[in-house]
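Data block below; observations after.
Throughout, protein chains are lettered first and strands after them, A, B, ... in sequence-line order, and every chain is numbered starting at 1. This is a predicted model, so every value here is computed, not measured. No hydrogens, no waters, no symmetry mates; every other heavy atom, side chains included, goes into these values.
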Protein chains: 2
Amino acid sequence: MEFSLTFKVNEHIYLRNPESSDLGKKILKHSIDLIYEIGFEQFTFKKLATVAETTESSIYRYFENKQKLLLYIINWYWCYLDFMLDYQLKNITDKKEKIKIILHLLTDEMPSNNHEMEMNKYFIHRIVIAESSKVYLVKDVNEINQYEVFKPFKELCAKIAKEFADYNPAYIFTKSLSSTAIETAHDQEFFVTHLPRLTDVNTKNKKNFTYTFLEDLVFKALA
Amino acid sequence: MEFSLTFKVNEHIYLRNPESSDLGKKILKHSIDLIYEIGFEQFTFKKLATVAETTESSIYRYFENKQKLLLYIINWYWCYLDFMLDYQLKNITDKKEKIKIILHLLTDEMPSNNHEMEMNKYFIHRIVIAESSKVYLVKDVNEINQYEVFKPFKELCAKIAKEFADYNPAYIFTKSLSSTAIETAHDQEFFVTHLPRLTDVNTKNKKNFTYTFLEDLVFKALA
DNA sequence: TATAAATAATAGTATTACTATTATAAATAA
DNA sequence: TTATTTATAATAGTAATACTATTATTTATA
């Protein structure tokens, strides 16, 4: 079964829907490759224009600036996770199992269909780990928040919180635990890769370290 | 008792020690004010030169770029926390009490002497919350890490981890719990202020929310 | 085939992130 | 005291960034 996932991303994020044209898709594809490769700070529309074989001005017709483009990618990820959550939780009744699946979704590389994808999922996951907090750690967070650009993040957070509440109705910090789990999944993964002294990774537990830590943390919190 | 706290910050972070001259101190003071006011992305040496009543080129003699200047401020904060930890933990024997003091240090506004300070502690705390992750979420993290610029962060993390280990020697994720506590203190505080739907704050628990959540999380993890 | 829409090509601007040079003021050493 | 070093200020300049605007050309649709 072939299918491509398209999520309707908030219209305030783009000037022109990049999913609506070949050039738009090309811009998205290459921005993911380029941000992954050189990092968000070094990433510019000029460099993107070169690799996407288009012009700066053409890119500006899709996105106001590179921050919005990053926000688009991160939003796509949040929507994707939300979708995968529903998908993978379907028909699972065991509450503990449900939470384990959630934590795997947060920490593992993104599940990918076998066939060639428009979106490089591994790259997106690494971008989310290293760059996602930059979309809200900005001075105009309150302003852009009014346009509901963080809605998918909040919905994902709420959905996970609901499963936590379902597991233990007495627990009062379900949403904070949810946002903490999401952020910790990124932080710890980044630390494991770049600053391992901030973690307890070692050669033995290297595999799935972030998951193992998170599972321990979350289930104890919910106990 | 009047005293001023000076920490020797890693020499790779600055070109010329800003603590060594009036201009240097002026640069630090105004950079804290300005980063707090307009955010790190909008902050430039040109703007800083204007408010500090000096020139761009003079600032460049102290710091290579604004990233290094931010790193200096964040490093100062890490050293300060490390110092305050020793200071406040002195003579405390109760292990639970010790951890509570640590979590208060991480979440509360920084304790401040009554008299006029060179460093605006409230501003520094807000800068740490909103900007600190930007010092390591960069493409050249591995390179700058070689110069030990994150040593104070790692030491702080290790010191807190030690208290966790002391509280429960069987717990195997002390360092990850420590870095998670530090990061969560910032994240949740940011969310409470700007994106409260990602947390469980409400009018009742507003006061010390982040502390209350963290205390619950950490003690359950260590139980 | 005409017309509209999308894209490319080109040009241009203000700001950013620097580097370099020289002048002047302040601190210290001979 | 004068000479000399050192710090800072003033000035200039550059490459890159982050855009905006205009016109030409291609592509899609009526």
(message) At a heavy-atom distance below 4.0 Å, what parts of residues 51-58 of chain A sit against DNA chain D?
(response)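 DNA chain D contact set from residues 51-58 of chain A: E56(A), S57(A).
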(request) Using a cut-off of strictly less than 4.0 Å between a heavy atom of the residue and any atom of DNA chain D, enumerate the qualifying residues of residues 33-45 of chain A by number. (result)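 Here the set is T44(A).
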(request) Walk along DNA chain C from 5' to 3' and tell me the first and last nucleotide with an atom closer than 4.0 Å to a non-hydrogen atom of chain A. (result)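 So the contact region on DNA chain C extends dA6(C) to dT10(C).
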(message) Donor-acceptor check, side chain of N75(A) to backbone of F150(A), threshold 3.5 angstrom: yes or no?
(response)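 The answer is no, because no donor-acceptor pair under 3.5 Å joins these two groups.
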(request) Any pair with a residue in residues 133-144 of chain B that passes side chain to side chain donor-acceptor pair (under 3.5 Å), sequence neighbours left out, goes on the list, sorted by first then second residue, please. (result)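 Counting only pairs at least two positions apart or across chains, the side chain to side chain donor-acceptor pair (under 3.5 Å) contacts touching residues 133-144 of chain B are H194(A)-N142(B), E41(B)-K134(B), E131(B)-K134(B), Y136(B)-E183(B).
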(request) Would you check if the distance from the ring center of W76(A) to the ring center of Y80(A) is below 6.0 Å? (result)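 Ring centres of Y80(A) and W76(A) closer than 6.0 Å.
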side-chain contact (heavy atoms from CB on, under 4.5 Å) involving [X] - partner list, sequence neighbours excluded:
| X | result |
| --- | --- |
| A221(B) | L217(A), Y171(B), L177(B) |
| E215(B) | K100(B), L103(B), Y211(B), F219(B) |
| E56(B) | F45(B), K46(B), Y60(B) |

(message) For residues 57-68 of chain B, which residue pairs pass the salt bridge (Lys or Arg N to Asp or Glu O under 4.0 Å) check, not counting sequence neighbours?
(response)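 For residues 57-68 of chain B: E64(B)-K68(B).
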Detail all sub-3.5 Å separations between protein N/O atoms and N/O atoms belonging to nucleotides 4-7 of chain D.
{"from": "dA7(D)", "atom 1": "OP1", "to": "R16(B)", "atom 2": "NH1", "distance (Å)": "2.6"}
{"from": "dA7(D)", "atom 1": "OP1", "to": "R16(B)", "atom 2": "NH2", "distance (Å)": "3.4"}

(request) Indicate, with a heavy-atom threshold strictly under 4.0 Å, whether K47(B) touches base, sugar-phosphate, or nothing. (result)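 Touches sugar-phosphate only.
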(message) According to ring pair (Phe, Tyr, Trp, His ring centres under 6.0 Å), who are the partners of F123(B), at least two apart in sequence or on a separate chain?
(response)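 Ring pair (Phe, Tyr, Trp, His ring centres under 6.0 Å) list for F123(B), sorted by chain: Y36(B).
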For residues 156-163 of chain A, which side-chain donor-acceptor pairs fall under 3.5 Å, sequence neighbours excluded?
{"from": "K159(A)", "atom 1": "NZ", "to": "D82(A)", "atom 2": "OD1", "distance (Å)": "2.5"}
{"from": "K159(A)", "atom 1": "NZ", "to": "D86(A)", "atom 2": "OD1", "distance (Å)": "3.1"}
{"from": "K159(A)", "atom 1": "NZ", "to": "D86(A)", "atom 2": "OD2", "distance (Å)": "2.9"}

(request) Would you mind reporting whether L89(B) and I102(B) have side-chain heavy atoms less than 4.5 Å apart? (result)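 The answer is yes; the side chains approach within 4.5 Å.
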(message) Taking the axis from the first five pairs and the axis from the last five, what angle separates them in the helix from dT1(C)-dA30(D) to dA30(C)-dT1(D), rounded to 10 degrees?
(response)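 That helix gives 10° between its end axes.
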